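Working notes, beginning with the structure itself.
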Amino acid sequence: LPPGSCRAFWGWLNAVFNKVDHERIQAVGPDRAASEWLLRCGALVRYRGSPKWQQDYNGLPTGPRGKYKIEAINATDSCIMHRGFDYLDGLEHVTDIKLEKCMYIQDECLQRLSETNNLQRSLQQLKIISCGNVTDKGILALHKLTNLEYLYLSDLPGIREKEKTFGVLQKALPNLELELDLE
């Protein structure tokens, strides 16, 4: 194999995993389709009323459409990327998202997250950790998440103007508890 071809292959495969299947969303409902997307990409989901994290794609619970509502997403080490974020549009109950060591998460993703109407209503906690492509611009984009109560930011080397960025965010979201673990 030529150098770099393995990485190119995985990049291509990850792009395939993130391709949104709108027919699937129609067929099985937004929560089921999003669960399949997230687990395919290596993320975990937790459903409303359950303490258990789902991590096995083949072990996803079956039941009547709409029975299982995603409440929390843990995308640690996952390959979720911007093009898959359309799956989030139909989710109405997500209160908690953790993005940790997500190599494809960049400012556009955070902007897209912030502009998702359902997430503006439901999302209360967001953790962004060790996502090297996130900059001040992405953090500032979060100001549309008006119900966000807690934001944890750690190991984000792309954030350059901390005081300014967090000042603007705090002004936009006065009820936000901001916890920082940044150099």
Side-chain angles (χ1 to χ4, degrees), residues 14 16-22 24-106 109-131 134 138-139 141-142 144-156 173 175-181:
N14 291 337
V16 170
F17 283 163
N18 280 278
K19 189 174 183 318
V20 176
D21 183 344
H22 292 281
R24 184 73 183 149
I25 296 172
Q26 287 295 309
V28 299
D31 289 270
R32 174 70 194 206
S35 297
E36 293 171 356
W37 163 60
L38 288 160
L39 268 61
R40 256 197 322 267
C41 291
L44 310 177
V45 297
R46 192 169 46 71
Y47 296 116
R48 201 164 63 162
S50 168
K52 191 171 146 274
W53 287 93
Q54 298 290 328
Q55 52 190 2
D56 176 12
Y57 185 89
N58 297 314
L60 277 174
T62 52
R65 182 187 161 122
K67 179 179 179 191
Y68 295 96
K69 302 287 188 190
I70 297 176
E71 184 173 66
I73 296 168
N74 179 346
T76 301
D77 285 320
S78 74
C79 69
I80 63 169
M81 58 177 68
H82 184 265
R83 68 184 296 186
F85 275 46
D86 285 2
Y87 279 113
L88 299 173
D89 288 342
L91 306 181
E92 296 177 6
H93 304 281
V94 177
T95 59
D96 200 331
I97 295 178
K98 180 179 183 183
L99 303 171
E100 182 171 1
K101 296 187 198 132
C102 299
M103 64 185 283
Y104 298 110
I105 293 293
Q106 74 305 54
C109 298
L110 298 182
Q111 209 162 343
R112 178 74 173 80
L113 206 66
S114 185
E115 287 165 0
T116 303
N117 290 333
N118 282 328
L119 291 178
Q120 289 174 355
R121 284 191 287 274
S122 69
L123 193 63
Q124 295 167 3
Q125 283 199 31
L126 179 59
K127 295 181 181 127
I128 306 170
I129 304 160
S130 306
C131 294
V134 169
I139 300 304
L142 300 173
K144 292 183 179 165
L145 294 170
T146 46
N147 283 316
L148 200 61
E149 295 168 5
Y150 177 77
L151 176 61
Y152 177 76
L153 303 174
S154 174
D155 183 27
L156 299 171
L173 303 171
N175 299 324
L176 180 67
E177 181 191 337
L178 192 53
E179 191 178 334
L180 308 173
D181 177 13

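These numbers come from a predicted model, not from an experiment.
- Using a 4.5 Å heavy-atom cutoff, the side chains of Arg32 and Thr62 are in contact.
- By the 4.5 Å heavy-atom criterion applied to side chains, Pro61 and Gln54 are counted as neighbours.
- Here the side chains of Lys69 and Glu92 are not in contact, with every heavy-atom distance at 4.5 Å or above.
- Using bins of under 30°, 30° to 60° and over 60° for the plane-to-plane angle, the ring pair Phe85/Trp37 lands in the perpendicular bin.
- Considering only heavy atoms from C-beta on, Leu99 stays 4.5 Å or farther from Val134 through its side chain.
- Under the 4.5 Å side-chain criterion, counting only non-hydrogen atoms from C-beta, Asp31 is in contact with Leu91.
- Shortest non-hydrogen contact noted between Arg83 and Val20 is O-CG2, 3.2 Å.
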Walk me through whether Tyr57 and Glu36 qualify under side-chain contact (heavy atoms from CB on, under 4.5 Å).
CA-CA 7 Å; Tyr57 185 89; Glu36 293 171 356; 3.6 Å; yes
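- Gln125 contributes no side-chain N or O that, together with a main-chain N or O of Ile97, makes up a donor-acceptor pair within less than 3.5 Å.
- Inspection of the Tyr47 and Ser35 side chains reveals an N or O donor paired with an N or O acceptor under 3.5 Å.
- Between the Asn118 side chain and the Asp89 main chain, a donor and an acceptor come within less than 3.5 Å of each other.
- When all heavy atoms are compared, the tightest approach of Ser78 to Ala43 is CB-N, 3.7 Å.
- Of all heavy-atom pairs between Gln111 and Ala141, the closest is CA-CB, 3.8 Å.
- Shortest non-hydrogen contact noted between Ile25 and Ala33 is CG1-CB, 3.6 Å.
- Ion pairing between Asp86 and Arg112 holds under the 4.0 Å rule for side-chain N and carboxylate O.
- Taking all atoms of both residues into account, the shortest heavy-atom contact from Leu173 to Leu145 is CD2-O, 3.6 Å.
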**OP:** May I have the step-by-step check of side-chain contact (heavy atoms from CB on, under 4.5 Å) for Cys109 and His82, ending in yes or no?
**Re:** CA-CA 5 Å; Cys109 298; His82 184 265; 3.8 Å; yes
* Walk me through it: do Asp21 and Tyr87 pass the test side-chain contact (heavy atoms from CB on, under 4.5 Å)? => CA-CA 9 Å; Asp21 183 344; Tyr87 279 113; 3.7 Å; yes
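- Remark: the backbone N or O of Met81 is paired with a side-chain donor or acceptor of Asn18 at under 3.5 angstrom.
- A distance of 9.0 Å separates CG in Asn147 from CD in Gln120, rounded to the nearest 0.5 Å.
- Among all heavy-atom pairs drawn from Pro51 and Arg46, the shortest one is O-CD, 3.6 Å.
- Checking each of Ile129, Ile128, Leu44 against Lys98 for a side-chain contact (heavy atoms from CB on, under 4.5 Å) leaves exactly one that passes, namely Ile129.
- Using a 4.5 Å heavy-atom threshold, the side chains of Leu88 and Val94 count as separate.
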